[in-house]
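Remarks on the structure that follows.
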Amino acid sequence: PGVSRRHLGSFSERRIEIGETRVAPGATAVEAAPAAPRFLFVMQGDGTANETPIRKHSLIHIDRGVTVAISGGTELSIFTITMPAFSAEE
């Protein structure tokens, strides 16, 4: 409860994905990057990312295989971007 996600689009065969995550005050969203790096851009609000303070215009980089816990201090609105996945040969 307190977390909502909206898928805005997927582009190309590499599955670049754009979305939005909203986190209510006191709620925690777990964001992961299982196959490709991700960027999270805070459009509104403040809170923490793995206990590091974040606020409006903060950028969070999530490496492949890493998980980040995002907690809302105030209502957070986060723009999410999943980058293309490349194999070791590419």
Side-chain angles (χ1 to χ4, degrees):
V3 176
S4 63
R5 290 182 170 84
R6 182 169 55 149
H7 180 77
L8 300 175
S10 297
F11 308 94
S12 86
E13 69 279 357
R14 296 270 183 208
R15 301 244 338 136
I16 296 170
E17 295 182 358
I18 307 294
E20 180 182 11
T21 300
R22 289 189 177 266
V23 184
T28 300
V30 177
E31 296 288 341
R38 294 182 72 205
F39 292 97
L40 311 179
F41 180 75
V42 179
M43 297 185 295
Q44 169 186 315
D46 63 70
T48 61
N50 284 352
E51 300 185 21
T52 299
I54 58 173
R55 63 177 193 229
K56 184 177 181 178
H57 299 151
S58 291
L59 181 68
I60 303 155
H61 174 240
I62 306 175
D63 282 321
R64 190 172 110 176
V66 174
T67 301
V68 174
I70 307 287
S71 298
T74 62
E75 173 107 10
L76 280 168
S77 178
I78 301 170
F79 189 64
T80 63
I81 305 158
T82 302
M83 301 305 290
F86 292 99
S87 66
E89 297 81 40
E90 296 178 287

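- Criterion: ILVMFWY side-chain heavy atoms under 4.5 Å apart, direct or through other members. Under it, V42 and V66 are part of a common hydrophobic cluster.
- Counting heavy atoms from C-beta on, the side chains of R15 and T82 never come closer than 4.5 Å.
- In summary, the side chains of E31 and T21 do present a donor paired with an acceptor at a separation below 3.5 Å, with no hydrogens or angles considered.
- There is a path of hydrophobic side-chain contacts, each under 4.5 Å, that joins L59 to M83.
- Atom CD1 of I70 is separated from atom OG1 of T28 by 9.5 Å, given to the nearest 0.5 angstrom.
- Note on L76: it does not cluster hydrophobically with F39, by side-chain heavy-atom contacts below 4.5 Å among ILVMFWY residues.
- Considering CD of Q44 and CZ of R55, their distance stands at 15.5 Å, rounded to 0.5 Å.
- Note on L40: it does not cluster hydrophobically with M43, by side-chain heavy-atom contacts below 4.5 Å among ILVMFWY residues.
- Listed for the D46 side chain is no donor-acceptor partner under 3.5 Å among the backbone atoms of I54.
- Tracing side-chain contacts under 4.5 Å through hydrophobic residues (I, L, V, M, F, W, Y), one reaches I81 starting from F11; they form part of the same cluster.
- Taking the side chain as every heavy atom from C-beta outward, P25 and E75 approach each other to under 4.5 Å.
- Atoms CZ and CD1, from F41 and I60 in turn, are 10.5 Å apart once rounded to the nearest 0.5 Å.
- Within a 6.0 Å sphere centred on CZ of R5, heavy atoms belonging to other residues, nucleotides or ligands number more than 12.
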